[in-house]
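First comes the structure, then the notes that go with it.
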Amino acid sequence: MEKLVINGGNRLHGEVKISGAKNAAVAIIPAVILSDGVCRIENIPNIMDVILMAKILQEMGASVKVVDKSVIEIDPRGIRIPVATYELVRHMRASSYLMGALLGNFLRAEVALPGGCDFGVRPVDQHLKGFGILGAKHSVEGGMIKIKADKLVGGHIYLDVVSVGATVNIMLAAVKAEGRTTIENAAKEPHIVDLANFLNSMGADVRGAGTDVIKINGVKSLRGTTYSIIPDQIEAGTYMTAVASAGGDVTLKNVIPKHLESITAKLREMGVVIEEYDDSIRVVREDRLKRCNVKTMPHPGFPTDMQPQIAAILTIADGTSIVNEAVWDNRFRYVEELRRMGAAISVDGKLAVIEGVDQLEGAPVKATDLRAGAAMVVAALGAKGTTEIEDIQHIERGYEDVVGKLTAIGADIKKIETANDQTVQTAG
Ligand code: UD1
């Protein structure tokens with residue numbers, strides 16, 4: 001078992017290079033299934049979710065070549081059977097994207113779905129509604145969702161909720177369907193645009209990604225391509241909150257400042273100074289943070305995947321803040337962990353009321369999920385004393401080399417292996 005040990009209080013200084021976007025990579029890798037040739041994907045983040053997704057394709061028959069830490073080449077032509085068993089997908093929450101990609105390519109998909117995640121049930125009704133309008137039928141047998149169609153024909157799909165996953169899956173299923181598919185009330189996240197750009201680089205005709213109406217004109221085939229993934233909005237946002245927590249002056253390289261606007265706006269409201277450049281931002285925090293209210297919303301609103309991290313810094317802001325989680329039902333499980341560090345937070349349904357305290361104190365805590373784990377790191381960096389974070393496998397699903405990147409800007413953070421009550425330090 002491994003844990004992170006952080007001695008808080010060091011101000012952060014220097015530069016951090018942000019990796020490629022996790023949520024784009026886990027959509028683009030399955031999208032490779034639709035191509036007739038080798039796809040070279042660059043700026044791939046070296047994180048567990050991406051390694052697992054590539055492994056799933058490999059075990060299904062694709063050939064996967066790791067060119068270097070951030071470049072892979074995938075040849076999907078060895079995939080013959082469109083089935084992803086529970087054994088393959090059980091650790092991978094984004095495995096539902098295999099449904100759209102396999103259906104789009106083979107007119108058939110059998111994918112085991114992992115259950116609900118740590119912050120609520122993850123329904124796929126909108127995904128299935130989309131497949132149905134394109135002409136597919138589905139059934140659930142033995143924990144597998146089985147979907148098939150004689151042919152896929154474009155249609156008009158209105159999403160009842162703005163869903164990233166349903167938008168991705170319908171794009172994947174529709175890209176080689178006959179005729180035009182229109183998705184209304186589509187998600188507008190940067191990774192939706194990145195997926196559309198990737199598909200178009202393979203010869204697809206996807207228009208309007210980034211707006212709430214996406215139009216897809218089906219094409220007969222897609223070719224191999226070379227594509228570079230966008231920088232990770234949430235990793236960048238997490239480092240922005242890390243600087244806000246610990247104080248200091250850090251430049252984040254390899255970012256798209258436009259993707260960070262909602263996060264930048266909130267941090268500025270809290271008194272953090274942010275300078276924007278073409279592909280970098282400078283984050284400076286000197287004085288005590290000010291309170292603010294935050295409501296999560298689909299893009300371009302404040303991202304739910306940044307909610308735990310901003311809550312972590314509101315715990316030490318001057319005054320009372322209200323955080324409204326409007327995307328997920330149960331995304332405040334980490335609050336109990338922050339309370340252990342001295343945070344004053346009360347939760348009522350989708351609202352958290354945070355009374356700012358002067359400083360948090362280090363404590364043993366758990367990463368209850370990926371972004372909750374990030375919030376623990378952020379809180380620990382500004383806290384007095386030592387915080388030990390358990391269950392860090394959640395953090396490693398989505399953050400590349402968090403120890404190396406934070407150490408380089410002056411944090412005191414180590415990964416420790418614990419075995420038989422003996423504590424052994426491993427290289428960061
Ligand atoms: C993606 C992100 C996740 C992020 C979320 C919201 C990836 C791999 N994951 O998850 O990190 O927190 O977007 O930004 O990109 N819903 C339905 N029916 C459906 C689908 C969704 O009711 O068929 C609801 C969900 O319960 C949730 C809301 O819609 O309340 C948003 O979910 P969705 O955008 O689909 O999230 P994911 O794609 O699973």
Side-chain angles (χ1 to χ4, degrees), residues 20-31 45 47-50 52-53 56 89 91-101 113-133 138 140 145 147 157-173 183 185-195 209 212 229-230 232-235 237-238 259 262-263 295-310 324-334 349-350 369-375 394-395 397-399:
K22 168 180 100 69
N23 287 348
V26 297
I28 284 173
I29 295 171
I47 52 174
M48 208 32 102
D49 267 14
V50 163
L52 280 174
M53 189 56 104
I56 291 172
V89 305
H91 297 299
M92 185 66 234
R93 300 226 168 90
S95 56
S96 63
Y97 294 160
L98 294 165
M99 295 192 299
L113 283 181
C117 73
D118 293 334
F119 44 92
V121 184
R122 289 190 131 171
V124 288
D125 55 295
Q126 298 300 306
H127 308 223
L128 297 172
K129 170 175 134 174
F131 298 152
I133 291 172
H138 77 270
V140 181
I145 296 212
I147 311 160
I157 300 157
Y158 182 90
L159 295 179
D160 301 330
V161 287
V162 181
S163 161
V164 170
T167 305
V168 166
N169 250 332
I170 296 166
M171 283 164 74
L172 295 174
I183 311 173
N185 202 25
K188 298 182 282 220
E189 268 65 7
H191 37 286
I192 299 284
V193 179
D194 211 34
L195 174 64
D212 45 23
I229 287 181
I230 51 166
D232 197 304
Q233 172 203 30
I234 306 299
E235 188 197 17
T238 302
H259 293 170
S262 60
I263 304 163
K295 181 175 183 183
T296 65
M297 282 190 284
H299 192 79
F302 190 88
T304 171
D305 288 354
M306 278 300 300
Q307 183 261 101
Q309 301 91 312
I310 199 147
N324 182 344
E325 173 53 60
V327 176
W328 293 107
D329 285 339
N330 179 19
R331 205 169 189 176
F332 286 125
R333 276 187 50 198
Y334 65 88
K350 291 191 157 201
D369 66 49
L370 167 59
R371 306 304 173 186
H394 290 298
I395 300 174
R397 276 185 46 219
Y399 289 90

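In listed order, ligands and their atoms are each counted from 1. Because only heavy atoms are used, hydrogens play no part in the values below, and waters and symmetry mates are left out as well, while side chains stay in.
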Logged contact type for V124 with ligand 1, heavy-atom cut-off 4.0 Å, is backbone

Taken in chain and number order and not counting sequence neighbours, the residues that satisfy side-chain contact (heavy atoms from CB on, under 4.5 Å) with A186 are T167, I183, I214

Under 4.0 Å from one or more heavy atoms of V327, ligand 1 contributes atoms 27 (C), 30 (O), 31 (C)

With heavy atoms and a 4.0 Å threshold, my read on which part of S163 contacts ligand 1 is both

So the atoms of ligand 1 within less than 4.0 Å of a heavy atom of Q126 turn out to be 18 (N), 19 (C), 23 (O)

Residues D49, R397: salt bridge by 4.0 Å N-O rule: yes

Across all chains, not counting sequence neighbours, the side chain to side chain donor-acceptor pair (under 3.5 Å) partners of E189 are none

message = Please determine whether salt bridge (Lys or Arg N to Asp or Glu O under 4.0 Å) holds for the pair D305 and R331, giving the CA-CA distance in whole Å, both sets of side-chain angles, and the decisive distance to 0.1 Å.
response = CA-CA 10 Å; D305 288 354; R331 205 169 189 176; 2.8 Å; yes

Check: of P123, A27, G165, min heavy-atom distance to atom 19 (C) of ligand 1 comes from P123

* Asked: V26 to ligand 1: N or O pair under 3.5 Å?
  -> no

Closer than 4.0 angstrom, basic N to acidic O: yes or no for D329 and K350?
yes

In ligand 1, the atoms that come under 4.0 Å of a heavy atom of T304 are 6 (C), 12 (O), 14 (O)

Taking distance alone, with no angle check, do K22 and ligand 1 share an N/O pair under 3.5 Å? no

Between the CG atom in L128 and the OG atom in S96, the distance rounded to the nearest 0.5 Å is 9.5 Å

For ligand 1, is there an N or O atom under 3.5 Å from any N or O atom of V161? no

Atoms of ligand 1 under 4.0 Å from any heavy atom of D305, numbered from 1 in the order shown, are 3 (C), 4 (C), 11 (O), 12 (O)

In this structure, does ligand 1 have an atom that sits under 4.0 Å from one of the heavy atoms of R331?
yes

Rounded to the nearest 0.5 angstrom, the CG-OH distance for L195 and Y97 is 8.5 Å

